[in-house]
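Both ligands and their constituent atoms are indexed starting at 1 by order of listing.
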Amino acid sequence: MKKVVHAACPHDCPDACGVLITVEDGRATRIQGDPAHPVTRGFLCAKVAKYLDRVYSPDRVLYPMRRVRPKGLAGEGARATRAFERITWDEALDEITSRFRAIASEFGPEAILPYSYGGTLGALNGASMDRRFFHRLGASQLARNICSAAGEAGLKSVIGIKMGTDPEQFTHSRYIIAWGANIHGNNVHLWPFISEARRKGAKLVVIDPYRTRTAACADWYLSINPGTDAALALGMMHIMVRDGLADRAYLASHSLGFIDQI
Ligand code: SF4
């Protein structure tokens, strides 16, 4: 029997694609972007377009495996499977439990540091059950999202919530600044909206130490040195205030503290 299942991409990606999966006799045979999804527009990124290759790959890890050779031996990458042997779930759980117990009794449970973040995780294993387990264990606590906490704090302080700009709003923009963002390479479904805005006259500025694919397409590419972002941002603010370019009414109603300083 053949049917098409509506799904969502499981990756932790801002595009949040709608996906159509053709299933024949219980096996997925085709994956495609949902043409009815207003952002996905019928195409998937190169990584997920080949998702079924990985789902059914013979190299996929489906069972607990125990390392039987030391790490870092020459050629291990090519012969990775020989470095591991399959064990049962009971053996895996017993081994993990005994190691946790040994660490906790010798050094205290805080010697265990859980570290994980986004990826192909749902709400259950991404941000709930594992926390309960490790909190109960008394393990060290880590913000986990060490790569995005600063951006989240910035979004909350500027627009109140941890939510980026709606992709469909980009078409109304007249000046788009991609600051450290390789949109053309990593946020592919936003690109058509930016192209649409540019067709209507918008300018795209890219600020990035690395000349990305997005930088190569920009109207203006600023190749700054790593670590100089703050100096550039402060310089831009200085010019806006000095030359009367700042929108004072907007700043007064949508920012905290800035208007009092100028
Ligand atoms: S761009 Fe790729 S990773 Fe991101 S949501 Fe779409 S299919 Fe998933």
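Cys9 SG, 2.3 Å is the protein heavy atom nearest to atom 8 (Fe) of ligand 1. Scanning the protein heavy atoms around atom 4 (Fe) of ligand 1, the nearest turns out to be Cys13 SG, 2.3 Å. The protein heavy atom nearest to atom 2 (Fe) of ligand 1 is Cys45 SG, 2.2 Å.
Atom 6 (Fe) of ligand 1 has an N, O or S atom of Cys17 inside 2.8 Å of it. Note on His11: not counted as a metal contact of atom 8 (Fe) of ligand 1, no N/O/S atom lying under 2.8 Å.
No donor-acceptor pair closer than 3.5 Å links the side chain of Thr171 to the backbone N or O of Phe193. With hydrogens and angles ignored, the 3.5 Å screen pairs no side-chain donor or acceptor of Tyr51 with any backbone N or O of Cys9. In terms of modelled atom types and a separation under 3.5 Å, the side chain of Thr214 and the main chain of Ile183 share a donor-acceptor contact. Although no hydrogens or angles enter the test, the distance criterion places a donor-acceptor pair under 3.5 Å between the side chain of Glu91 and the main chain of Thr88. The main-chain N or O of Gly33 is never found under 3.5 Å from a side-chain atom of Thr40 such that the two would form a donor-acceptor pair. Here the side chain of Tyr221 pairs a donor or acceptor atom with the backbone of Asp208 at under 3.5 angstrom.
Contacts with ligand 1 closer than 4.0 Å are made by backbone heavy atoms (N, CA, C, O) of Ala16 only, the side chain lying farther away.
Note: Phe43 and His189 have parallel aromatic rings, judged against thresholds of 30 and 60 degrees for the angle between ring planes.
Looking at Leu190, Thr40, Val48, it is Val48 that brings a heavy atom closest to atom 7 (S) of ligand 1. Among Val39, Val19, Asp12, Asp15, the residue whose heavy atom sits closest to atom 1 (S) of ligand 1 is Asp15.
Under a 4.0 Å criterion applied to the non-hydrogen atoms of His189, ligand 1 contributes the atoms 1 (S), 6 (Fe).
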